[in-house]
Amino acid sequence: MQARIKTRLLLATPLIGFGILVFFLGIGFGLAKHQIHPSAVLNEPFPEFESKTLFDEAQITREDLVGTFQLVNVWASWCDGCIVEHGLFLELAKSEVISIIGINYRDSADDAKTWLYERGNPYEKIVVDPHGELCVDLGVYGAPETFLVDPEGIIRAKQVGVLTLTAWMEKFEPLLEAQVEQY
Amino acid sequence: MLIVLFVSFTFMLTPSIDGFVFESEAERKRYGQLIEEFRCPQCVNTNLAGSDAPIAQDLRKTVFSLMREGKSNQEIRTHLRERYGDFILFRPRFTPGTWALWGTPIVLLLLATWFLLGIREKRNAITLNLSDLQRIREISGERT
C-alpha cells in the first residue's frame with residue numbers, strides 16, 4: 001500500500017515541478033507588469049546637488065528646495081511627453097497649490113528658454129542639469145518624470161513618464177493634503 | 001615599419017571608450033566589465049555597455065567618475081542600486097525577495113534527483129523480481 005502511494009507520488013513529481021515553475025513564473029510576470037520602474041528613491045532624501053538656475057544663472061543647491069512641499073519635474077525641450085503634461089503644470093502653477101521646480105535635463109539653455117516662451121513657464125525655479133548628473137542621483141529613467149518632495153526634503157511620490165491628472169489626483173494630491181494637515 | 005605602425009595604432013586605440021581616457025589597460029578592462037554588469041534602465045534587456053540611450057551614457061559616465069573617485073566595484077554597484085533599485089543589477093543579490101529566484105533551481109534539482117533515484121530503485125526491484133521468477137522456475141523445473 002505504502003509502495004503504491006510512493007509510486008504515485010513519484011509519477012506526480014514532474015507535474016509538481018511544473019506546477020512550481022508556473023507558480024513562480026506567474027508571480028514574476030505579475031510583478032513585471034507593475035514594477036517596470038521600481039522606485040528606489042521613494043522615501044529617501046532628495047540628493048545633494050549644486051547647479052545653476054536656467055534664467056538668472058544663480059547658484060542653486062538642495063537647501064533652496066527644502067522647507068515647503070515641492071513638485072519637482074524633470075523636463076526637456078526635446079521631450080514629447082513634456083508637452084503633453086505641460087498643461088497640467090500650468091494649471092497647478094495658476095492655482096498655487098504647490099511650488100513647482102523644473103529640472104532641465106540634458107538640454108541646451110537656449111532651446112529650453114524658447115520652449116518655455118512658446119508654452120508658458122509654470123516653474124518657480126529651474127535647475128539646469130545639462131549632463132544629467134542630478135538626474136542620475138534621482139534615479140531618473142528619462143524625461144518626463146515628477147517627484148513630490150516634502151518640507152524635510154524627502155521624496156514622497158514619484159511618477160515615471162507623463163504626469164496625468166489621474167496620477168496627480170491619486171498619487172500626489174492625497175499625500176499633499178494629508179501632510180499639510182500634519183505640519 | 002608596418003609592425004611599428006600597427007603597434008602604435010593599437011596603442012592609440014586601446015585607452016579610450018566613450019571618450020574616456022584610461023590610465024591603464026587594467027582600468028579600461030575594469031570599466032568594460034562594470035558596464036556589462038548593469039541593466040540599462042530604458043532599454044530593459046540591454047546592459048549599459050550595449051545601449052545608446054541617453055541614460056545609459058550618463059550611467060557609464062557615472063561609473064567612470066566613481067572609479068576615478070577610487071570607489072570599489074561593490075561600492076559602485078551599491079551606488080547605482082540605491083538610485084535605480086535591484087532592477088539595474090543583472091546579477092541579483094540574495095535577499096528575502098530573491099530567495100525564490102536562487103532557491104528554485106536547487107529545489108528542482110533535488111526533486112529531479114529524487115525522481116531519478118526512485119525510477120532506478122523501481123527498475124532494480126523489477127529485475128530482481130524477474131531473476132527471482134527465473135530462479136523459481138529453475139527450482140520448480142528441477143523438481144518436476
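Below, read A as the first sequence line, B as the second, and so on, with proteins coming before strands; counting in each chain starts at 1. What you see below is based on every heavy atom in this structure, not just the backbone, and it leaves out hydrogens, waters and symmetry mates. Computed from a prediction, not measured in an experiment: that's the story for all the values here.
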Can you name the residues of residues 80-107 of chain A that have some heavy atom under 4.5 Å away from a heavy atom in chain B?
-> Y105(A), R106(A)
Using atom types as modelled and distance alone, determine if a side-chain donor or acceptor of R120(B) lies under 3.5 Å from a backbone N or O of L116(B).
-> no
Residues pairing under salt bridge (charged side-chain N to carboxylate O under 4.0 Å, His left out) where one sits in residues 111-131 of chain A, two or more places apart or in two chains, turn out to be none
Residues of residues 58-74 of chain B contacting chain A, heavy-atom criterion under 4.5 Å, by residue number = D58(B), L59(B), K61(B), T62(B)
For the pair E173(A) (side chain) and L176(A) (backbone), establish whether a donor and an acceptor sit closer than 3.5 Å, ignoring hydrogens and angles.
-> no
Could you tell me whether the side chain of D64(A) reaches within less than 4.5 Å of the side chain of T61(A), counting heavy atoms only?
-> yes
Polar side chain donor-acceptor pair, R39(B) to N47(B), under 3.5 angstrom = no
May I ask you to decide if A40(A)'s main-chain N or O and E82(B)'s side chain share a donor-acceptor pair within less than 3.5 Å?
-> no
Please tabulate, for the side chains in residues 100-113 of chain B, all donor-acceptor contacts under 3.5 angstrom to protein atoms that are two or more places apart in sequence or on a different chain.
unit_1, atom_1, unit_2, atom_2, d
W102(B), NE1, R93(B), O, 3.3
T104(B), OG1, A100(B), O, 2.3
T113(B), OG1, L109(B), O, 2.5

When only pairs under 4.5 Å are counted, which of I20(A), L138(A), V140(A) shares the most heavy-atom pairs with chain B?
-> V140(A)
Inspect the contact between E25(B) and R28(B) and indicate whether a charged nitrogen and a carboxylate oxygen are less than 4.0 angstrom apart.
-> yes
For residues Q70(A) and F46(A), determine if any side-chain heavy atom of one lies less than 4.5 Å from a side-chain heavy atom of the other.
-> no
Most contact-rich option vs chain A, by heavy-atom pairs under 4.5 angstrom, among C40(B), A56(B), P54(B), G118(B), is P54(B)
Going from CG on L89(B) to CD on E37(B), what distance comes out if it is rounded to the nearest 0.5 angstrom?
-> 8.0 Å
